[in-house]
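To keep things clear, I will list the structure first and then write my remarks on it.
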Amino acid sequence: MNNINIFKNIFMKVQKAAGSSAGIEIYAGKTNDTTITWSEGKLEDFYISELQGIGLRIIKDGKVGFSYSNNFNEYAINDLISSAEKNSEFLPADKYVSLARSSKGNPELDVKDEYFGKGKTEQKISILKNMEQSALSNKKIKSVIKIGYSESLGEVFIINSNGLEISSAGTVFSYGISCVAYDKGETQVGGESTVKRIYNQLNFEKTTSEAVKNSVDLLGAKRIKTGNYPVIFNQNVGCEFLGLLESSFSAFAVQKNISLLKGKLNQKVCSAKVNIIDDGTLKDGIATSSYDDEGTPTQKTIIIENGILKNYIYDIYTANKDNTKSTGNASRGYSGNPVPDVSNIYIQHGLTTFENLKKNMNTGIYITETMGMHNADSISGEFSVGVNGFFIENGDIKFPVHGITIAGNILDLFSNIVEAGSDLRFYGSVGSPSLLISKVAVAGE
């Protein structure tokens with residue numbers, strides 16, 4: 001962010017207007033995004049966007065006023081300050097409100113690839129076109145529905161009246177492809193994606209090959225009978241179910257009584273084989289950064305250890321309410337106030353290979369894809385989702401399966417985890433190994 005001096009000047013202007021006794025925080029955020037979409041032989045979409053703004057919090061007598069603006073001219077800044085001060089008048093004093101203290105983070109955690117914005121657009125489009133041709137070289141791939149590439153740069157500057165002044169920047173690059181496989185009158189759809197902090201870590205060929213395999217391998221799928229089956233989740237499905245549970249780790253959700261894990265601290269909540277970690281300092285993590293969005297240094301937090309809930313995740317406000325310390329998980333944009341949210345969250349891997357997970361299961365279902373996970377209820381934990389995958393017999397894959405549904409409660413599901421595989425993989429900022437689960441209700445034919 002090359003206009004930091006603008007925000008420093010705004011801060012001094014707020015100090016003069018609000019008085020030396022006021023608590024003041026300026027959060028300035030900027031994002032630059034480029035997205036390219038290629039679909040069925042042609043460029044479908046291309047856009048470049050830039051969004052920048054400033055959020056202001058003023059604390060007087062325990063009352064918090066907040067306002068934000070996308071404009072930095074004198075009139076807009078005067079209105080920003082006036083709005084924040086007036087907003088506080090309508091709110092009661094809150095003893096739990098406070099601002100971050102200046103503390104040392106690790107700037108090496110902020111990964112900014114200088115490639116961002118420098119590659120030629122034509123070259124990037126050419127890569128997508130070539131990946132489409134690569135997928136179509138498999139005779140069973142009928143079409144490529146969509147290929148997407150995106151790159152983004154996020155920048156943050158925070159300054160407050162406690163002497164804190166930090167800035168950070170980070171890049172993210174992503175690539176995804178979905179294909180249609182066809183054979184003997186049957187159609188199946190599959191895809192794959194990857195997200196990295198460094199452009200050169202994207203492997204377009206490998207991701208495309210995986211998408212083709214995910215599509216073609218489902219051809220010849222059958223339905224199976226309704227019943228309770230042992231199952232294996234692949235890493236992607238494990239991530240999706242962890243995503244269903246992750247909001248319950250937030251101290252904000254606990255304090256609002258909308259968390260499945262309220263009142264269960266230091267209690268067994270799932271299988272002893274489950275360890276869940278949130279780590280804002282994880283090397284190469286998509287959500288890794290030196291500070292959270294209040295200016296607290298990020299950290300590694302063990303949430304569940306051997307099935308026992310050890311910690312919630314906190315920002316400063318929720319930590320003050322529980323008389324503890326922030327875990328460095330404050331999340332916000334310039335247009336909103338901070339709330340605690342996960343950073344890089346993952347289920348810790350075990351020691352068992354995927355091949356041995358299949359052998360240990362013997363007969364059951366290997367689930368590779370879910371449909372309708374957005375309809376699952378994160379507050380109750382109840383889910384009923386369609387799935388695709390493969391039927392396993394005597395430890396070997398026999399045939400693909402589709403047209404089935406699994407249902408249950410997320411805590412029951414995690415309590416039935418028998419083993420975590422050795423193959424931890426991240427999808428974005430969420431990671432999981434393959435998971436062997438002793439029993440899941442399956443609706444088939």
Next item on the list: Can you sort out the partners of Tyr346 under ring-ring contact (aromatic ring centres under 6.0 Å, His included), two or more places apart, ordered by chain and number?
Entry: Phe426
Next item on the list: Could you tell me the separation between the OG1 atom of Thr352 and the NE2 atom of His349, rounded to the nearest 0.5 Å?
Entry: 11.5 Å
Checklist line | Selection residues 207-222 - residue pairs positive for salt bridge (Lys or Arg N to Asp or Glu O under 4.0 Å), sequence neighbours left out | finding: Glu210-Arg425, Lys213-Asp217
Notebook entry, point to check: For atom NZ of Lys124, is the number of surrounding heavy atoms from other residues, nucleotides or ligands below 6.0 Å larger than 12?
Noted result: yes
Check: Can a cation-pi geometry be assigned to Arg57 and Tyr27, taking NZ or CZ under 6.0 Å from the six-membered ring centre and within 45° of the ring axis?
Finding: no
Next item on the list: Would you sort out whether Ser290 and Asn106 count as a side chain to side chain donor-acceptor pair (under 3.5 Å), showing the intermediate values?
Entry: CA-CA 5 Å; Ser290 53; Asn106 182 2; over 6 Å; no
Margin query: Taking side chain to side chain donor-acceptor pair (under 3.5 Å) as the criterion, tell me which of Asp322, Asp292, Asn320 meets it with Tyr314.
Written below: Asp322
Item checked: Any Ile365 side-chain heavy atom under 4.5 Å of Val442 side chain -> yes
Check: How about Glu108: does its CD atom have over 12 heavy atoms from other parts shown lying under 6.0 Å from it?
Finding: no
Check: Phe233 and Gly238: which non-hydrogen atoms are nearest, and at how many Å?
Finding: CB-N, 4.0 Å
Next item on the list: Rounded to the nearest 0.5 Å, what's the gap from CD1 on Ile406 to CG on Asn228? Could you check?
Entry: 12.0 Å
Margin query: If you count heavy atoms of other groups shown closer than 6.0 angstrom to CG of Asn375, is the number above 12?
Written below: yes
Next item on the list: Taking atom NZ of Lys256 as the centre, report whether more than 12 heavy atoms of other residues, nucleotides or ligands fall under 6.0 Å from it.
Entry: no
Notebook entry, point to check: Distance from Thr370 atom OG1 to Asn234 atom CG, nearest 0.5 Å?
Noted result: 9.5 Å
Item checked: Nearest heavy atoms of Leu260 and Ser248, plus distance in Å -> N-OG, 3.1 Å
Notebook entry, point to check: Under the side chain to side chain contact (heavy atoms under 4.5 Å, CB included) test, which residues partner Ile397, sequence neighbours left out?
Noted result: Lys358, Tyr366, Phe390, Ile392
Next item on the list: Quick one: which residue pairs count as a ring pair (Phe, Tyr, Trp, His ring centres under 6.0 Å) with a foot in residues 173-220, not counting sequence neighbours?
Entry: Tyr115-Tyr199, Phe173-Tyr199, Tyr175-Phe204
Margin query: If I take atom CD from residue Glu132 and atom CD1 from residue Ile127, how far apart are they, to the nearest 0.5 angstrom?
Written below: 14.5 Å
Next item on the list: Could you tell me whether the side chains of Ser434 and Asp423 share a donor-acceptor contact shorter than 3.5 Å?
Entry: yes
Next item on the list: Compare every heavy atom of Asn409 with every heavy atom of Ser380, then report the nearest pair and how far apart it is.
Entry: O-ND2, 2.9 Å
Note to self: Applying side chain to side chain contact (heavy atoms under 4.5 Å, CB included), can you list everything that pairs with Ala376, at least two apart in sequence or on another chain?
What the structure shows: Leu244, Met373, Phe383
Item checked: Spacing of Lys112 atom NZ and Ile198 atom CD1 [to the nearest 0.5 Å] -> 12.0 Å
Item checked: Rounded distance [0.5 Å steps], CG in Asn160 versus CD in Glu25 -> 6.0 Å
Check: Should Asp412 and Ser415 be marked as a side chain to side chain donor-acceptor pair (under 3.5 Å) after you check the CA-CA gap, both sets of side-chain angles, and the distance that decides it?
Finding: CA-CA 5 Å; Asp412 292 338; Ser415 294; 5.3 Å; no
Notebook entry, point to check: Mind checking what makes ring-ring contact (aromatic ring centres under 6.0 Å, His included) contact with Tyr427, not counting sequence neighbours?
Noted result: none
Notebook entry, point to check: Among all residues two or more places apart in sequence or in another chain, which pass the side chain to side chain contact (heavy atoms under 4.5 Å, CB included) test with Ala211?
Noted result: Ile177, Cys179, Glu192
Can you give the donor-acceptor pairs under 3.5 Å from side chains of residues 266-280 to other protein atoms, not counting sequence neighbours?
| residue | atom | partner | partner atom | Å |
| --- | --- | --- | --- | --- |
| Gln267 | NE2 | Gly263 | O | 3.1 |
| Lys268 | NZ | Cys270 | O | 3.0 |
| Ser271 | OG | Lys273 | N | 3.0 |
| Ser271 | OG | Ile417 | O | 2.7 |
| Asn275 | OD1 | Asn306 | N | 2.7 |
| Asp278 | OD1 | Ser343 | N | 2.7 |
| Asp278 | OD1 | Ser343 | OG | 3.3 |
| Asp278 | OD2 | Asn329 | ND2 | 3.0 |
| Asp278 | OD2 | Ser343 | OG | 2.9 |
| Asp279 | OD1 | Thr281 | N | 2.8 |
| Asp279 | OD1 | Thr281 | OG1 | 2.6 |
| Asp279 | OD1 | Leu282 | N | 3.4 |

Next item on the list: Please list, chain by chain and in numerical order, all residues satisfying ring-ring contact (aromatic ring centres under 6.0 Å, His included) with Phe252, sequence neighbours excluded.
Entry: none
Next item on the list: Please collect all ring pair (Phe, Tyr, Trp, His ring centres under 6.0 Å) contacts where either partner lies in residues 34-57, sequence neighbours excluded, each pair once.
Entry: none
Margin query: Tell me whether the count of non-hydrogen atoms from other residues, nucleotides or ligands lying under 6.0 Å of NZ in Lys60 goes above 12.
Written below: yes
Note to self: Checking Arg101 now: which residues fulfil side chain to side chain contact (heavy atoms under 4.5 Å, CB included) with it, not counting sequence neighbours?
What the structure shows: Asn162
Check: Who passes ring-ring contact (aromatic ring centres under 6.0 Å, His included) against Phe399, sequence neighbours left out?
Finding: Phe391
